[in-house]
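Just below is one structure, and these are the notes that go with it.
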Amino acid sequence: MLTWGDVRRWDPAAIGRVADALNDGCTRIIAANDDVEAMARFTDWSGDAATAASTRGGSLTSTLERLVAEAAAVRRGAHEVQIALDRIVAFVRETDELASRHGLVIDAGGEIALSSGPARPDQPRVKAELADRIEQLLRRATDVDADFADIMRRALHGEITEQAGGTLAQAADAGAAQSGLSIIGPPENGSPGDNKAWWASLSDTAKVALLQGNPGLVGNLDGIPATDRDAANRAVLAREIARLQGDPKLRGLEAIQQRLDRSDPQAFLLGLDTGGDGKAIVSAGNPDTAVNVATYVPGTGSELSKIGGDLNRSDKMWAAATTSGSPSTAVITWLGYDAPNEITDAASAKYADGGKAALAGFQDGLRETHQGPPSHNTVMGHSYGTTVVGHAAGDGGLAADELVFVASPGVGAHDVSELHLDGVDPGETGKHVHATVAEHDMINLANVEIAGYDPILGQDPTDADFGGQVFTSAPGTDGWGGYSSEAHSEYWEDNNPSLRNLGLIIAGKPTS
């Protein structure tokens, strides 16, 4: 059984040297292909000696083809295992550094202890994160070890065959193809459960090969673990930063990169699409291991170039939930839909209808990939984002335990009975739907009934007859007629009770 000390000593470069040596050997043998084939052909020689020589030459040719096929299989496997080891060793280093920053140390057996100095209040939370990382990494390391061992076993036992009747180059290609690393793509239009099953069916080295060779295929698939989506999307992010120099979206890509470069909590890039206004999904904390997971859906005017502000809001909610007693938390900025660009566009429900299926699929994926007992999941929207959340919960239901509506223009429902949360008894839905709006927020103007008609996007979720739980926010900046646009964005100010209440909801605790 692999230990933390074993993996800490792994040397990816050593595996790389094996791959290079095998590649050099195969190249030299393949370059001599004409001479090898000549050993079995004697056009001007006949008789018993010629027949014996030809037979012997044919046998040598077959042996060389087999050896080239086996070497090519091991060479390819070694190359892809080296890539996997590079990721693992980097993860070990990052985990050891995280422990050290918080006055902790990980011993060779994977046990976590105080290193020096007094105990700190954040150490229990960090120890829980470290334990999750260690378990995850050792499981991944064991898979890589088993993959490469299987390739070596099949090569040494002659289970990798040469290309019958071909050249040495064809034998090498055939051996590489038989290295156990061929990949079948994900199911077309698969559910998060289908995607999860497909990914689980691949060997770890096959996963690494796919993440390296086709990261765009994996990064946006719901049902793929957060660490793997993150690895794929980081590769896409680097490529797009290089490609989009001078594009307004570059500002958003750079904001994402800066957030990924910071730790505590570690960030995960769960989705990226630079088409149109751009889309991105970024999690503060690992949603696959966190006890409490929140998905934040921003509203009108949200686009990739402006995502930096939304990432900051998610970080603040993560901190508020942690302060409220959440043992481990992930808060996800979900810019996974085409948001209205202007306030005038936000009078239409078409943007919510266009984004609701993607939000529901993402929430289903969080359930599929979560490790251990189910997490307490919250889905929250701000402004038009509440409309997206409401439409998703109203049509097919959401895999969530709590809904939160902040500064809503309407959620497409008349009351909580029209909203559906998986796992929540319909009669209890009102206890799990939360809403707030600032006194001076201009969004209040959108919720006014005119001449007996309901508001365009549905009932105000802070109305008493809607049936949800209303929590406190500061009044916000006053303005002309008692309303301002500033108040619409102040819910995440440090002194605003709404921020504390958002943290309490994420942590599964009562609000004020």
Side-chain angles (χ1 to χ4, degrees), residues 80 83-84 86-91 93-95 97-98 133 136 140 185-186 195 199 207-288 295-298 302-315 318 330-339 355 358-359 361-362 365-366 369:
E80 292 177 351
I83 295 172
D86 281 331
R87 293 175 62 212
I88 288 171
V89 168
F91 194 43
R93 183 171 59 252
E94 292 169 4
T95 303
E97 290 172 355
L98 176 62
R133 284 184 173 216
Q136 177 190 124
R140 183 179 296 273
N195 295 335
W199 192 247
K207 292 173 185 175
V208 171
L210 203 155
L211 291 173
Q212 293 286 326
N214 194 358
L217 178 68
V218 177
N220 294 316
L221 280 181
D222 296 322
I224 303 298
T227 52
D228 294 318
R229 290 180 72 164
D230 177 64
N233 286 312
R234 285 178 187 243
V236 175
L237 176 65
R239 181 191 70 203
E240 293 300 274
I241 286 176
R243 186 178 73 86
L244 293 176
Q245 294 297 314
D247 190 294
K249 290 190 283 285
L250 181 63
R251 181 175 61 177
L253 296 177
E254 290 176 337
I256 292 172
Q257 184 63 67
Q258 290 168 7
R259 180 60 189 87
L260 294 175
D261 290 341
R262 299 199 315 270
S263 59
D264 200 22
Q266 181 183 4
F268 296 80
L269 183 54
L270 305 181
L272 185 64
D273 179 0
T274 59
D277 288 339
K279 299 181 178 69
I281 306 171
V282 184
S283 180
N286 187 343
D288 290 349
T295 301
Y296 158 60
V297 183
S302 300
E303 57 185 49
L304 182 56
S305 65
K306 304 174 184 176
I307 198 171
D310 292 313
L311 299 178
N312 183 54
R313 289 177 178 179
S314 290
D315 283 341
W318 181 91
V331 179
I332 302 161
T333 299
W334 189 85
L335 182 54
Y337 79 111
D338 181 21
L359 178 59
F362 180 74
L366 292 179
T369 58

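We count residues from 1, following the sequence as given. Only heavy atoms go into these numbers, but all of them, side chains included; no hydrogens, no water, no symmetry mates.
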*Report the C-alpha separation of Tyr337 and Val297 in whole Å, then their side-chain angles, then the decisive distance to 0.1 Å, and conclude whether the side-chain contact (heavy atoms from CB on, under 4.5 Å) test is met.*
CA-CA 9 Å; Tyr337 79 111; Val297 183; 3.8 Å; yes
What distance separates [X] [atom1] from [Y] [atom2], expressed to the nearest 0.5 Å?
{"X": "Asp288", "Y": "Asp228", "atom1": "CG", "atom2": "CG", "value": "9.0 Å"}
{"X": "Thr274", "Y": "Leu237", "atom1": "OG1", "atom2": "CG", "value": "10.0 Å"}
{"X": "Arg313", "Y": "Leu311", "atom1": "CZ", "atom2": "CG", "value": "11.0 Å"}
{"X": "Leu335", "Y": "Leu304", "atom1": "CG", "atom2": "CG", "value": "7.0 Å"}
{"X": "Phe268", "Y": "Arg234", "atom1": "CZ", "atom2": "CZ", "value": "8.0 Å"}
{"X": "Asn220", "Y": "Phe362", "atom1": "CG", "atom2": "CZ", "value": "10.5 Å"}

Provide the closest heavy-atom pair for [X] versus [Y] in the form atom of the first, atom of the second, distance.
{"X": "Asp222", "Y": "Gly361", "answer": "OD2-C, 3.4 Å"}
{"X": "Ala358", "Y": "Gly336", "answer": "CB-O, 4.1 Å"}
{"X": "Pro287", "Y": "Ile332", "answer": "CB-CD1, 4.1 Å"}
{"X": "Tyr296", "Y": "Ser314", "answer": "CD2-OG, 3.7 Å"}
{"X": "Ala255", "Y": "Gly308", "answer": "CB-CA, 4.0 Å"}
{"X": "Gly355", "Y": "Trp334", "answer": "O-CH2, 3.7 Å"}

*Taking the side chain as every heavy atom from C-beta outward, state whether Thr227 and Phe91 have any pair of such atoms under 4.5 Å apart.*
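No, too far: nothing below the 4.5 Å cut-off.
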*With side chains defined as the heavy atoms from C-beta onward, is the minimum distance between Gln257 and Ile241 less than 4.5 Å?*
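Yes, close enough: below the 4.5 Å cut-off.
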_Stepwise side-chain contact (heavy atoms from CB on, under 4.5 Å) test for Arg133 and Leu98_ = CA-CA 11 Å; Arg133 284 184 173 216; Leu98 176 62; 4.0 Å; yes
*Partner of Thr333 by side chain to side chain contact (heavy atoms under 4.5 Å, CB included), out of Thr295, Asp315, Ile307*: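 That would be Ile307.
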*asked:* Using the rule side chain to side chain contact (heavy atoms under 4.5 Å, CB included), only one of Leu269, Leu221, Leu270 pairs with Arg229; which is it?
replied: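 Exactly one pass, corresponding to Leu270.
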Side-chain donor-acceptor contacts of residues 208-216 below 3.5 Å, not counting sequence neighbours, with atom names and distances?
none

*Kindly determine whether Asp338 and Lys279 satisfy salt bridge (charged side-chain N to carboxylate O under 4.0 Å, His left out), including the steps that lead there.*
CA-CA 8 Å; Asp338 181 21; Lys279 299 181 178 69; over 6 Å; no
*Check the pair Asp310 / Lys306 against salt bridge (charged side-chain N to carboxylate O under 4.0 Å, His left out), numbers first and verdict last.*
CA-CA 8 Å; Asp310 292 313; Lys306 304 174 184 176; over 6 Å; no
*Is the shortest distance from a Lys or Arg side-chain nitrogen in Lys249 or Asp277 to a carboxylate oxygen in the other one below 4.0 Å?*
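Looking at Lys249 and Asp277, the cut-off is not met.
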*Determine yes or no for a side-chain-to-main-chain donor-acceptor pair under 3.5 angstrom, with Ser283 supplying the side chain and Gly285 the backbone.*
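Yes, the answer is positive, given that a donor and an acceptor are paired below the 3.5 Å cut-off.
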*Leu272 and Leu253: side-chain contact (heavy atoms from CB on, under 4.5 Å), yes or no, with the steps?*
CA-CA 9 Å; Leu272 185 64; Leu253 296 177; 3.9 Å; yes
_Test salt bridge (charged side-chain N to carboxylate O under 4.0 Å, His left out) on Glu254 and Arg251; report intermediate values, then the result._
CA-CA 5 Å; Glu254 290 176 337; Arg251 181 175 61 177; over 6 Å; no
